[in-house]
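Since the structure comes first, as C-alpha coordinates, the remarks are kept for the end.
It should be emphasised that the depicted structure is a prediction, and the values quoted were computed from it without experimental measurement. Note: hydrogens, waters and symmetry copies are ignored here, and every other heavy atom, side chains too, is used. Just so it is clear: chains get the letters A, B, ... in the order the sequence lines come, proteins before strands, and each one is counted from 1.
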Protein chains: 4
Amino acid sequence: MASYAVAADQLKSIIERIERLEEEKRAIGDDIKDVYTEAKGNGFDTKALREIVRMRRQDPNERQEAETVLEVYMQALGMLPLFGAAEKAA
Amino acid sequence: MASYAVAADQLKSIIERIERLEEEKRAIGDDIKDVYTEAKGNGFDTKALREIVRMRRQDPNERQEAETVLEVYMQALGMLPLFGAAEKAA
Amino acid sequence: MASYAVAADQLKSIIERIERLEEEKRAIGDDIKDVYTEAKGNGFDTKALREIVRMRRQDPNERQEAETVLEVYMQALGMLPLFGAAEKAA
Amino acid sequence: MASYAVAADQLKSIIERIERLEEEKRAIGDDIKDVYTEAKGNGFDTKALREIVRMRRQDPNERQEAETVLEVYMQALGMLPLFGAAEKAA
DNA sequence: CACTGGAAAATGCCGC
DNA sequence: GCGGCATTTTCCAGTG
(Lines give C-alpha, C1' and ligand atoms only; values in the text may rest on other atoms or scores of the structure.)
Protein backbone atom coordinates (compact mmCIF):
# COMPACT_ATOMS: atom_id res chain seq x y z
CA MET A 1 0.00 0.00 0.00
CA ALA A 2 2.84 2.34 0.78
CA SER A 3 4.14 1.64 -2.69
CA TYR A 4 1.08 3.30 -4.18
CA ALA A 5 1.75 6.36 -2.08
CA VAL A 6 5.30 6.38 -3.30
CA ALA A 7 4.16 6.06 -6.87
CA ALA A 8 1.68 8.88 -6.37
CA ASP A 9 4.41 11.07 -4.98
CA GLN A 10 6.68 10.18 -7.85
CA LEU A 11 3.92 10.95 -10.28
CA LYS A 12 3.24 14.31 -8.71
CA SER A 13 6.90 15.12 -8.81
CA ILE A 14 7.18 14.21 -12.46
CA ILE A 15 4.14 16.22 -13.48
CA GLU A 16 5.26 19.23 -11.54
CA ARG A 17 8.76 19.15 -12.94
CA ILE A 18 7.37 19.00 -16.45
CA GLU A 19 4.95 21.80 -15.79
CA ARG A 20 7.66 23.98 -14.38
CA LEU A 21 9.91 23.34 -17.37
CA GLU A 22 7.09 23.95 -19.79
CA GLU A 23 6.35 27.22 -18.12
CA GLU A 24 9.98 28.27 -18.57
CA LYS A 25 9.88 27.18 -22.16
CA ARG A 26 6.75 29.16 -22.79
CA ALA A 27 8.30 32.24 -21.18
CA ILE A 28 11.28 32.01 -23.48
CA GLY A 29 8.98 31.57 -26.43
CA ASP A 30 7.33 34.81 -25.40
CA ASP A 31 10.70 36.51 -25.19
CA ILE A 32 11.48 35.41 -28.72
CA LYS A 33 8.19 36.78 -29.88
CA ASP A 34 9.03 40.05 -28.19
CA VAL A 35 12.31 40.31 -30.02
CA TYR A 36 10.54 39.85 -33.34
CA THR A 37 7.94 42.42 -32.40
CA GLU A 38 10.57 44.93 -31.40
CA ALA A 39 12.50 44.25 -34.60
CA LYS A 40 9.36 44.83 -36.60
CA GLY A 41 8.90 48.13 -34.82
CA ASN A 42 12.35 49.06 -36.03
CA GLY A 43 11.42 48.38 -39.59
CA PHE A 44 12.73 44.86 -40.04
CA ASP A 45 10.85 42.27 -42.03
CA THR A 46 10.11 39.52 -39.52
CA LYS A 47 9.43 36.92 -42.13
CA ALA A 48 12.89 37.41 -43.59
CA LEU A 49 14.37 37.41 -40.10
CA ARG A 50 12.79 34.06 -39.43
CA GLU A 51 14.15 32.70 -42.66
CA ILE A 52 17.65 33.88 -41.77
CA VAL A 53 17.43 32.19 -38.41
CA ARG A 54 16.20 29.03 -40.04
CA MET A 55 18.99 29.03 -42.60
CA ARG A 56 21.67 29.53 -40.00
CA ARG A 57 20.22 26.71 -37.98
CA GLN A 58 20.52 24.30 -40.88
CA ASP A 59 23.54 22.33 -41.78
CA PRO A 60 25.10 24.04 -44.83
CA ASN A 61 25.64 20.75 -46.62
CA GLU A 62 22.06 19.69 -46.18
CA ARG A 63 20.84 23.06 -47.32
CA GLN A 64 23.03 22.74 -50.38
CA GLU A 65 21.68 19.31 -51.21
CA ALA A 66 18.10 20.34 -50.73
CA GLU A 67 18.64 23.28 -53.01
CA THR A 68 20.15 21.07 -55.66
CA VAL A 69 17.21 18.69 -55.68
CA LEU A 70 14.88 21.62 -55.89
CA GLU A 71 16.64 22.99 -58.93
CA VAL A 72 16.57 19.68 -60.73
CA TYR A 73 12.83 19.55 -60.24
CA MET A 74 12.40 23.15 -61.32
CA GLN A 75 14.38 22.47 -64.45
CA ALA A 76 12.27 19.45 -65.25
CA LEU A 77 9.14 21.54 -64.84
CA GLY A 78 10.43 24.37 -66.97
CA MET A 79 10.49 26.73 -64.03
CA LEU A 80 13.61 28.72 -64.46
CA PRO A 81 15.67 28.50 -61.34
CA LEU A 82 16.00 31.97 -59.94
CA PHE A 83 19.75 31.53 -59.99
CA GLY A 84 22.01 29.53 -62.23
CA ALA A 85 23.49 26.28 -61.01
CA ALA A 86 26.66 26.87 -63.00
CA GLU A 87 28.18 29.38 -60.68
CA LYS A 88 27.71 27.04 -57.77
CA ALA A 89 30.06 24.55 -59.28
CA ALA A 90 32.66 27.26 -59.38
CA MET B 1 -41.63 28.31 -28.58
CA ALA B 2 -41.81 27.10 -32.14
CA SER B 3 -39.07 29.59 -32.94
CA TYR B 4 -36.74 27.71 -30.63
CA ALA B 5 -37.55 24.51 -32.46
CA VAL B 6 -36.84 26.22 -35.74
CA ALA B 7 -33.56 27.55 -34.45
CA ALA B 8 -32.64 24.08 -33.20
CA ASP B 9 -33.37 22.65 -36.60
CA GLN B 10 -31.40 25.37 -38.27
CA LEU B 11 -28.54 24.75 -35.91
CA LYS B 12 -28.55 21.04 -36.60
CA SER B 13 -28.61 21.70 -40.30
CA ILE B 14 -25.66 24.07 -40.07
CA ILE B 15 -23.59 21.71 -37.99
CA GLU B 16 -24.30 18.79 -40.24
CA ARG B 17 -23.46 20.69 -43.38
CA ILE B 18 -20.17 21.75 -41.91
CA GLU B 19 -19.39 18.26 -40.74
CA ARG B 20 -20.12 16.85 -44.15
CA LEU B 21 -17.92 19.41 -45.85
CA GLU B 22 -15.13 18.84 -43.37
CA GLU B 23 -15.32 15.15 -44.01
CA GLU B 24 -14.89 15.78 -47.74
CA LYS B 25 -12.03 18.10 -47.06
CA ARG B 26 -10.34 15.54 -44.90
CA ALA B 27 -10.76 12.90 -47.57
CA ILE B 28 -9.06 15.12 -50.12
CA GLY B 29 -6.28 15.78 -47.66
CA ASP B 30 -5.80 12.04 -47.46
CA ASP B 31 -5.68 11.83 -51.24
CA ILE B 32 -2.96 14.45 -51.30
CA LYS B 33 -1.01 12.51 -48.76
CA ASP B 34 -1.37 9.42 -50.91
CA VAL B 35 0.07 11.20 -53.91
CA TYR B 36 3.11 12.24 -51.89
CA THR B 37 3.52 8.73 -50.57
CA GLU B 38 3.34 7.25 -54.02
CA ALA B 39 5.79 9.82 -55.34
CA LYS B 40 8.16 8.94 -52.55
CA GLY B 41 7.88 5.31 -53.54
CA ASN B 42 8.98 6.34 -57.02
CA GLY B 43 12.07 7.98 -55.66
CA PHE B 44 10.94 11.58 -55.47
CA ASP B 45 11.94 13.83 -52.61
CA THR B 46 8.67 14.81 -50.99
CA LYS B 47 10.11 17.78 -49.20
CA ALA B 48 11.27 19.26 -52.49
CA LEU B 49 7.91 18.45 -54.06
CA ARG B 50 6.18 20.39 -51.31
CA GLU B 51 8.46 23.32 -51.87
CA ILE B 52 7.73 23.29 -55.60
CA VAL B 53 4.02 23.30 -54.93
CA ARG B 54 4.42 26.13 -52.48
CA MET B 55 6.47 28.20 -54.91
CA ARG B 56 4.00 27.75 -57.75
CA ARG B 57 1.23 28.81 -55.41
CA GLN B 58 2.98 32.07 -54.63
CA ASP B 59 2.78 35.22 -56.62
CA PRO B 60 6.06 35.54 -58.52
CA ASN B 61 6.43 39.21 -57.67
CA GLU B 62 6.01 38.61 -53.98
CA ARG B 63 8.47 35.79 -54.09
CA GLN B 64 10.92 38.08 -55.84
CA GLU B 65 10.52 40.80 -53.23
CA ALA B 66 10.88 38.42 -50.34
CA GLU B 67 14.04 37.06 -51.87
CA THR B 68 15.45 40.53 -52.26
CA VAL B 69 14.90 41.43 -48.63
CA LEU B 70 16.49 38.18 -47.64
CA GLU B 71 19.61 38.90 -49.63
CA VAL B 72 20.01 42.34 -48.14
CA TYR B 73 19.91 40.83 -44.68
CA MET B 74 22.32 38.08 -45.65
CA GLN B 75 24.73 40.65 -47.01
CA ALA B 76 24.54 42.66 -43.83
CA LEU B 77 25.31 39.56 -41.82
CA GLY B 78 28.20 38.54 -43.98
CA MET B 79 26.39 35.43 -45.15
CA LEU B 80 27.22 35.09 -48.75
CA PRO B 81 24.07 34.75 -50.72
CA LEU B 82 24.14 31.37 -52.33
CA PHE B 83 23.76 33.04 -55.70
CA GLY B 84 24.84 36.42 -56.96
CA ALA B 85 22.34 39.22 -57.26
CA ALA B 86 24.03 40.54 -60.35
CA GLU B 87 22.77 37.91 -62.68
CA LYS B 88 19.24 38.59 -61.58
CA ALA B 89 19.40 42.12 -62.85
CA ALA B 90 20.33 40.73 -66.22
CA MET C 1 18.07 10.43 -71.80
CA ALA C 2 14.55 9.23 -72.32
CA SER C 3 14.50 8.30 -68.67
CA TYR C 4 14.89 11.94 -67.74
CA ALA C 5 11.98 12.80 -69.95
CA VAL C 6 9.94 10.10 -68.27
CA ALA C 7 10.91 11.39 -64.87
CA ALA C 8 9.99 14.90 -65.94
CA ASP C 9 6.61 13.69 -67.09
CA GLN C 10 6.09 11.83 -63.87
CA LEU C 11 7.07 14.90 -61.93
CA LYS C 12 4.65 17.07 -63.87
CA SER C 13 1.91 14.57 -63.33
CA ILE C 14 2.54 14.46 -59.60
CA ILE C 15 2.62 18.21 -59.21
CA GLU C 16 -0.51 18.66 -61.25
CA ARG C 17 -2.42 16.02 -59.35
CA ILE C 18 -1.49 17.67 -56.09
CA GLU C 19 -2.41 21.08 -57.36
CA ARG C 20 -5.76 19.85 -58.56
CA LEU C 21 -6.50 18.20 -55.24
CA GLU C 22 -5.41 21.27 -53.34
CA GLU C 23 -7.70 23.37 -55.46
CA GLU C 24 -10.61 21.09 -54.57
CA LYS C 25 -9.67 21.24 -50.96
CA ARG C 26 -9.52 25.00 -51.04
CA ALA C 27 -12.94 25.16 -52.69
CA ILE C 28 -14.43 23.05 -49.93
CA GLY C 29 -12.76 25.27 -47.38
CA ASP C 30 -14.52 28.20 -49.03
CA ASP C 31 -17.83 26.37 -48.84
CA ILE C 32 -17.33 25.84 -45.16
CA LYS C 33 -16.57 29.49 -44.73
CA ASP C 34 -19.79 30.31 -46.59
CA VAL C 35 -21.83 28.17 -44.24
CA TYR C 36 -20.39 30.01 -41.27
CA THR C 37 -21.04 33.36 -42.90
CA GLU C 38 -24.61 32.46 -43.68
CA ALA C 39 -25.12 31.15 -40.15
CA LYS C 40 -23.77 34.40 -38.79
CA GLY C 41 -26.25 36.28 -40.96
CA ASN C 42 -28.98 34.24 -39.29
CA GLY C 43 -27.85 35.31 -35.87
CA PHE C 44 -25.67 32.39 -34.86
CA ASP C 45 -22.44 32.85 -32.99
CA THR C 46 -19.78 31.42 -35.27
CA LYS C 47 -17.25 31.04 -32.54
CA ALA C 48 -19.59 28.82 -30.58
CA LEU C 49 -20.45 26.92 -33.74
CA ARG C 50 -16.78 26.20 -34.30
CA GLU C 51 -16.50 25.06 -30.73
CA ILE C 52 -19.40 22.67 -31.16
CA VAL C 53 -17.90 21.23 -34.31
CA ARG C 54 -14.57 20.80 -32.59
CA MET C 55 -16.14 19.06 -29.61
CA ARG C 56 -18.06 16.65 -31.76
CA ARG C 57 -14.94 15.94 -33.73
CA GLN C 58 -12.88 15.17 -30.65
CA ASP C 59 -15.34 12.90 -28.95
CA PRO C 60 -14.29 9.74 -30.80
CA ASN C 61 -10.72 10.27 -29.77
CA GLU C 62 -11.65 10.58 -26.17
CA ARG C 63 -13.43 7.27 -26.39
CA GLN C 64 -10.30 5.67 -27.71
CA GLU C 65 -8.16 6.88 -24.91
CA ALA C 66 -10.49 5.12 -22.49
CA GLU C 67 -8.11 2.21 -22.31
CA THR C 68 -5.21 4.26 -21.07
CA VAL C 69 -3.95 4.34 -17.54
CA LEU C 70 -5.08 7.92 -17.48
CA GLU C 71 -7.58 7.46 -14.75
CA VAL C 72 -5.16 5.78 -12.44
CA TYR C 73 -2.86 8.73 -12.79
CA MET C 74 -5.67 11.20 -12.34
CA GLN C 75 -6.74 9.45 -9.18
CA ALA C 76 -3.22 9.57 -7.84
CA LEU C 77 -3.11 13.28 -8.54
CA GLY C 78 -6.46 13.95 -6.98
CA MET C 79 -8.00 14.93 -10.32
CA LEU C 80 -11.47 13.51 -10.50
CA PRO C 81 -12.03 11.59 -13.68
CA LEU C 82 -14.70 13.31 -15.73
CA PHE C 83 -16.81 10.19 -15.81
CA GLY C 84 -17.02 7.20 -13.55
CA ALA C 85 -15.50 3.97 -14.77
CA ALA C 86 -18.76 2.20 -14.13
CA GLU C 87 -20.69 4.05 -16.76
CA LYS C 88 -17.96 3.40 -19.28
CA ALA C 89 -18.40 -0.31 -18.87
CA ALA C 90 -22.03 0.14 -19.71
CA MET D 1 26.32 55.08 -45.09
CA ALA D 2 26.74 54.89 -41.36
CA SER D 3 23.06 54.12 -41.17
CA TYR D 4 23.63 50.93 -43.04
CA ALA D 5 26.30 49.97 -40.58
CA VAL D 6 23.94 50.73 -37.74
CA ALA D 7 21.24 48.67 -39.35
CA ALA D 8 23.68 45.83 -39.86
CA ASP D 9 24.65 45.98 -36.21
CA GLN D 10 21.05 46.05 -35.17
CA LEU D 11 20.33 43.12 -37.40
CA LYS D 12 23.20 41.12 -35.96
CA SER D 13 22.04 41.90 -32.48
CA ILE D 14 18.51 40.79 -33.23
CA ILE D 15 19.58 37.55 -34.83
CA GLU D 16 21.96 36.73 -32.03
CA ARG D 17 19.43 37.43 -29.33
CA ILE D 18 16.94 35.17 -31.04
CA GLU D 19 19.51 32.45 -31.50
CA ARG D 20 20.50 32.61 -27.86
CA LEU D 21 16.89 32.41 -26.74
CA GLU D 22 16.18 29.55 -29.10
CA GLU D 23 19.14 27.70 -27.73
CA GLU D 24 17.76 28.10 -24.20
CA LYS D 25 14.38 26.99 -25.37
CA ARG D 26 15.83 23.94 -27.02
CA ALA D 27 17.78 23.07 -23.87
CA ILE D 28 14.62 23.19 -21.81
CA GLY D 29 12.88 21.06 -24.38
CA ASP D 30 15.65 18.53 -23.90
CA ASP D 31 15.19 18.67 -20.14
CA ILE D 32 11.52 17.94 -20.57
CA LYS D 33 12.35 15.01 -22.77
CA ASP D 34 14.73 13.76 -20.10
CA VAL D 35 12.04 13.86 -17.47
CA TYR D 36 9.78 11.77 -19.66
CA THR D 37 12.57 9.32 -20.38
CA GLU D 38 13.39 8.96 -16.71
CA ALA D 39 9.72 8.52 -15.86
CA LYS D 40 9.45 5.84 -18.48
CA GLY D 41 12.43 4.10 -16.90
CA ASN D 42 10.47 4.09 -13.66
CA GLY D 43 7.57 2.35 -15.30
CA PHE D 44 5.32 5.29 -16.11
CA ASP D 45 3.35 5.49 -19.33
CA THR D 46 4.65 8.58 -21.08
CA LYS D 47 1.65 8.90 -23.33
CA ALA D 48 -0.66 9.06 -20.34
CA LEU D 49 1.70 11.53 -18.66
CA ARG D 50 1.50 13.79 -21.68
CA GLU D 51 -2.24 13.54 -21.62
CA ILE D 52 -2.34 14.55 -17.98
CA VAL D 53 -0.14 17.52 -18.63
CA ARG D 54 -2.27 18.54 -21.55
CA MET D 55 -5.47 18.28 -19.54
CA ARG D 56 -4.11 20.36 -16.72
CA ARG D 57 -2.98 22.94 -19.23
CA GLN D 58 -6.34 23.17 -20.94
CA ASP D 59 -8.48 23.50 -17.87
CA PRO D 60 -8.09 27.27 -17.61
CA ASN D 61 -9.28 27.70 -21.15
CA GLU D 62 -12.39 25.74 -20.50
CA ARG D 63 -13.16 28.02 -17.60
CA GLN D 64 -12.86 31.01 -19.90
CA GLU D 65 -15.24 29.69 -22.46
CA ALA D 66 -17.89 29.54 -19.74
CA GLU D 67 -19.41 32.74 -21.00
CA THR D 68 -20.12 31.49 -24.49
CA VAL D 69 -23.48 30.52 -25.81
CA LEU D 70 -22.04 27.09 -26.12
CA GLU D 71 -24.42 25.50 -23.70
CA VAL D 72 -27.47 26.83 -25.41
CA TYR D 73 -26.30 25.27 -28.63
CA MET D 74 -25.40 22.04 -26.93
CA GLN D 75 -28.85 21.89 -25.42
CA ALA D 76 -30.44 22.44 -28.80
CA LEU D 77 -28.36 19.64 -30.23
CA GLY D 78 -29.11 17.28 -27.41
CA MET D 79 -25.53 17.32 -26.22
CA LEU D 80 -25.51 17.44 -22.45
CA PRO D 81 -23.26 20.15 -21.12
CA LEU D 82 -20.41 18.62 -19.17
CA PHE D 83 -21.25 20.66 -16.10
CA GLY D 84 -24.42 22.31 -14.90
CA ALA D 85 -24.71 26.08 -15.20
CA ALA D 86 -25.65 26.34 -11.54
CA GLU D 87 -22.32 25.19 -10.26
CA LYS D 88 -20.56 27.65 -12.52
CA ALA D 89 -22.31 30.55 -10.91
CA ALA D 90 -20.93 29.39 -7.60
C1' DC E 1 -5.22 48.08 -42.22
C1' DA E 2 -2.38 46.30 -38.81
C1' DC E 3 -2.72 42.89 -35.03
C1' DT E 4 -4.10 39.05 -32.34
C1' DG E 5 -5.69 34.61 -31.92
C1' DG E 6 -6.95 30.27 -33.94
C1' DA E 7 -6.79 26.79 -37.73
C1' DA E 8 -3.90 24.45 -41.08
C1' DA E 9 0.46 22.77 -42.74
C1' DA E 10 4.97 21.16 -42.17
C1' DT E 11 8.76 19.55 -39.73
C1' DG E 12 10.87 16.58 -36.40
C1' DC E 13 10.62 12.76 -33.11
C1' DC E 14 9.40 8.52 -31.08
C1' DG E 15 7.92 3.99 -31.14
C1' DC E 16 7.25 -0.27 -33.78
C1' DG F 1 13.33 2.58 -41.61
C1' DC F 2 8.90 3.99 -41.73
C1' DG F 3 4.34 5.52 -40.11
C1' DG F 4 2.10 8.09 -36.76
C1' DC F 5 2.09 11.55 -33.22
C1' DA F 6 3.50 15.90 -31.21
C1' DT F 7 5.39 20.15 -31.75
C1' DT F 8 6.31 24.08 -34.23
C1' DT F 9 5.58 27.30 -37.71
C1' DT F 10 2.74 29.51 -41.11
C1' DC F 11 -1.39 31.35 -42.73
C1' DC F 12 -5.76 33.64 -42.40
C1' DA F 13 -9.90 35.40 -40.70
C1' DG F 14 -11.89 38.34 -37.38
C1' DT F 15 -11.37 42.64 -34.77
C1' DG F 16 -9.82 47.09 -33.05
Quiz item: What's the CE-C1' distance between C/M55 and E/dG6, to the nearest Å?
Solution: 17 Å
Quiz item: F/dT8 C1' sits how many Å from A/E51 CD, rounded?
Solution: 16 Å
Exercise. Figure out the CD1/P separation between D/I32 and F/dA6, and round it to whole Å.
Key: 15 Å
Quiz prompt | Atom-to-atom span, CG of B/D30 to P of E/dA9 - whole angstrom | solution = 12 Å
Practice problem: Would you check if A/E51 and A/K47 make a side-chain contact, meaning some heavy-atom pair closer than 4.5 Å? | Solution: no
Exercise. Check every strand shown and say whether C/R50 touches a base, only sugar-phosphate, or nothing at a heavy-atom separation below 4.0 Å.
Key: nothing
Quiz item: If each of B/Q58 and C/Y36 is mapped to the nucleotide of DNA chain F with the nearest heavy atom, which maps nearer the 5' terminus, i.e. the 5' end?
Solution: B/Q58
Practice problem: Can you measure from CD1 (D/I18) to NZ (D/K25) and round to the nearest 0.5 angstrom? | Solution: 11.5 Å
Self-check item: Minimum-distance nucleotide to B/K47 side chain [options: E/dT11, F/dT9, E/dA8]
Solution: E/dT11
Exercise. Could you state the atom-to-atom distance from CD1 of D/I28 to C1' of F/dT7 in whole Å?
Key: 16 Å
Practice problem: For D/K40, answer base if it contacts any base atom (sugar-phosphate contacts may also be present), sugar-phosphate if it contacts only those atoms, and nothing otherwise; contact means non-hydrogen atoms under 4.0 Å. | Solution: sugar-phosphate
Quiz item: What is the distance from CZ of B/R57 to C1' of F/dC11, rounded to the nearest Å?
Solution: 10 Å
Quiz item: Do C/Y73 and D/D45 touch side chain to side chain, with heavy atoms closer than 4.5 Å?
Solution: yes
Quiz prompt | Given DNA chain E, 5'-ward residue of the pair D/T46 and B/K25, judged by closest heavy atom | solution = B/K25
Quiz item: To the nearest angstrom, how far is B/D34 atom CG from F/dG4 atom P?
Solution: 11 Å
Quiz item: At under 4.0 Å between heavy atoms, what does B/R54 touch on the DNA or RNA strands: base, sugar-phosphate, or nothing?
Solution: sugar-phosphate
Quiz item: Just checking D/K33: base, sugar-phosphate only, or nothing, at a heavy-atom cut-off of under 4.0 Å?
Solution: sugar-phosphate
Quiz item: Expressed in angstrom and rounded to an integer, what is the separation of A/E22 atom CD from F/dA6 atom P?
Solution: 13 Å
Quiz prompt | Steps toward salt bridge (Lys or Arg N to Asp or Glu O under 4.0 Å) verdict (A/D59, A/R63) | solution = CA-CA 6 Å; A/D59 178 66; A/R63 164 121 196 114; over 6 Å; no
Self-check item: Result of checking D/E19, D/E22, D/E23 against A/R57 for salt bridge (Lys or Arg N to Asp or Glu O under 4.0 Å)
Solution: D/E22
